[in-house]
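Along the sequence shown, residues carry numbers from 1.
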Amino acid sequence: MEDAPAIFEMNSNPEVVRYTGNFTHKSVEDSQMIISENIWKQYKENDYGRWAVILKSTGEFAGWCGLKYRPE
């Protein structure tokens, strides 16, 4: 959950979510909901998911990468 503010910062940008298939987050609570209801669920059900990308030089959250299950 500590990543929620950083995820919100990224996913509140329509130009970012345009390429990810996510919805534009309107609040940090949206990001917390995605973490609890989607990201953890994918790990539990599929044994894989997204990882945070952290800059080594600063420890700053730079984004995320990984696999996302798409049923289609």
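- Here Glu9 contributes atom CD and Asp3 contributes atom CG; the two are 12.0 Å apart, rounded to the nearest 0.5 Å.
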Donor-acceptor contacts under 3.5 Å from residues 49-64 side chains, at least two apart:
{"unit_1": "Trp51", "atom_1": "NE1", "unit_2": "Tyr43", "atom_2": "OH", "d": "3.0"}
{"unit_1": "Thr58", "atom_1": "OG1", "unit_2": "Glu60", "atom_2": "N", "d": "3.1"}

- Worked verdict on Ser36 versus Met1 for side-chain contact (heavy atoms from CB on, under 4.5 Å): CA-CA 8 Å; Ser36 65; Met1 284 301 168; 3.6 Å; yes
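- Annotation: the span from Ile7 atom CD1 to Glu2 atom CD amounts to 9.5 Å, rounded to 0.5 Å.
- Checked by atom type and distance alone, the side chain of Asn46 never pairs as donor or acceptor with a backbone atom of Tyr48 at under 3.5 Å.
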Please tabulate, for the side chains in residues 24-34, all donor-acceptor contacts under 3.5 angstrom to protein atoms that are two or more places apart in sequence or on a different chain.
{"unit_1": "His25", "atom_1": "ND1", "unit_2": "Ser31", "atom_2": "OG", "d": "2.7"}
{"unit_1": "Ser27", "atom_1": "OG", "unit_2": "Glu29", "atom_2": "N", "d": "3.3"}
{"unit_1": "Ser27", "atom_1": "OG", "unit_2": "Glu29", "atom_2": "OE1", "d": "3.3"}
{"unit_1": "Ser27", "atom_1": "OG", "unit_2": "Asp30", "atom_2": "N", "d": "3.2"}
{"unit_1": "Asp30", "atom_1": "OD2", "unit_2": "Lys26", "atom_2": "N", "d": "2.7"}
{"unit_1": "Ser31", "atom_1": "OG", "unit_2": "Phe8", "atom_2": "N", "d": "3.2"}

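- Taking both residues in full, the closest heavy atoms of Val17 and Asn22 are given as CB-O, 3.6 Å, listed atom of the first, atom of the second, then distance.
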